[in-house]
Amino acid sequence: MTKRERIERLDYLPGWERAIYQRPDIFSYSMDAVLLGKFAQLPKSGEGKIMDLCTGTGAVPLIMSQRTRTFIEAVEIQPVLASLAEKSVHENNLADQVRVMEADILELDGLVRWESYDTVTCNPPYFPVTAEKGKNVNNHLSLARHEIACTLDDVIRVSSRLVKQKGRVAIVHRPERLPDIFGTMVKYRLEPKRIQYVHPKSDREANIVLVEAVREGKPGIKTMPPWIVYGEDDTYTREFKEHYE
């Protein structure tokens, strides 16, 4: 067994229906990815196809595979994370439904057919690179958390190219970036249609936002009821636990 294999860890996603390989020294899935996998509206089972960008260890496609039999493609730029995602696909016997590509989302020409996906999802890097931020000691975390390999504009532009007319693009992000998200979506012909906030507690500001847009959609946005993660006893609220697990 190699050193790398000793570091790898087999965990389970909430609900215990999907196993996922991770490297705790590099990167592990977050609540954000699970919520995105449950939030995105998906094609009818077996119809069309789905793309997940910046897939990391593959949590989003694994969650979506529980909700649909539609074919899912996933793109990850970091070789070690793409390898872990591929191992998870085989661990869950999903090789016929999920395909992982090690690729840069900015270099997908020849790897995908543009304007052909029914749903595109992405849990992108959240933070712009500044003089103070963007240089984690762990370079894998830097790429996952900061806009080094791709910016918000890149993610939304590529998503718009991938999705078909009236197809859906769903992302998870930080609420403070909403003005940028909405403005960039409209710039690339994606009309925001559905939004949902996630609050750590009922008296705390939201720290996660889920946004879904429709390519060439009509104006008009629906704000879904918020999710409150923790109750006064610091355990999951009943509603959130039922949804999340």
To the nearest 0.5 Å, how far apart are [atom1] in [X] and [atom2] in [Y]?
| X | Y | atom1 | atom2 | result |
| --- | --- | --- | --- | --- |
| Glu76 | Ser83 | CD | OG | 11.0 Å |
| Arg113 | Glu73 | CZ | CD | 10.5 Å |
| Asp118 | Lys44 | CG | NZ | 11.5 Å |
| Ile221 | Arg194 | CD1 | CZ | 10.5 Å |
| Arg99 | Leu94 | CZ | CG | 15.0 Å |
| Leu81 | Thr55 | CG | OG1 | 9.5 Å |

I'd like to know if the side chain of [X] reaches the main chain of [Y], judged simply by a donor and an acceptor atom lying under 3.5 Å from each other, with no hydrogens or angles considered.
| X | Y | answer |
| --- | --- | --- |
| Arg174 | Asn207 | yes |
| Thr237 | Ile228 | yes |
| Asp32 | Val172 | no |
| Arg168 | Thr121 | no |
| Lys222 | Lys193 | no |
| Ser160 | Met185 | no |

State whether a side-chain donor-acceptor pair under 3.5 Å links [X] with [Y].
| X | Y | result |
| --- | --- | --- |
| Glu239 | His243 | no |
| Tyr29 | Asp11 | no |
| Asp153 | Thr151 | no |
| Gln22 | Glu8 | no |

field: Candidate pair Glu86 and Tyr21, rule side chain to side chain donor-acceptor pair (under 3.5 Å), full reasoning
entry: CA-CA 9 Å; Glu86 183 67 26; Tyr21 279 97; over 6 Å; no
Flag side-chain contact, heavy atom, 4.5 Å: [X] against [Y]:
| X | Y | value |
| --- | --- | --- |
| Val169 | Glu212 | no |
| Ile195 | Leu210 | no |
| Val80 | Arg23 | yes |

Within the supplied structure, the quantity of interest is the number of heavy atoms (other residues, nucleotides, ligands) at a distance under 6.0 Å from [X] [atom1]; does it exceed 12?
| X | atom1 | value |
| --- | --- | --- |
| Arg69 | CZ | no |
| Lys201 | NZ | yes |
| Asp96 | CG | no |
| Gln165 | CD | yes |

message: Walk me through whether Lys49 and Ser116 qualify under side chain to side chain donor-acceptor pair (under 3.5 Å).
response: CA-CA 8 Å; Lys49 58 180 179 177; Ser116 67; 3.1 Å; yes
For Gln66, the option from Arg18, Glu17, Lys38 that meets side-chain hydrogen bond (donor to acceptor under 3.5 Å, both in side chains):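 Single pass found, and it is Glu17.
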- prompt: Taking all atoms of both residues into account, what is the closest heavy-atom pair of Ser65 and Ile72, and its distance?
  reply: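 In terms of heavy atoms, the two residues are closest at N-CD1, 4.0 Å.
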field: For Phe240, ring pair (Phe, Tyr, Trp, His ring centres under 6.0 Å) partners two or more places apart
entry: Tyr236, Tyr244
message: Side-chain heavy atoms nearer than 4.5 Å, only ILVMFWY residues, links allowed to pass through others: does that put Leu152 and Leu106 together?
response: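 Yes; tracing contacts between hydrophobic side chains, which count when under 4.5 Å, links both residues.
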query: Taking the six-membered ring where the residue is Trp, are the ring centres of Trp227 and His199 under 6.0 Å apart?
result: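 No, the ring centres sit 6.0 Å or more apart.
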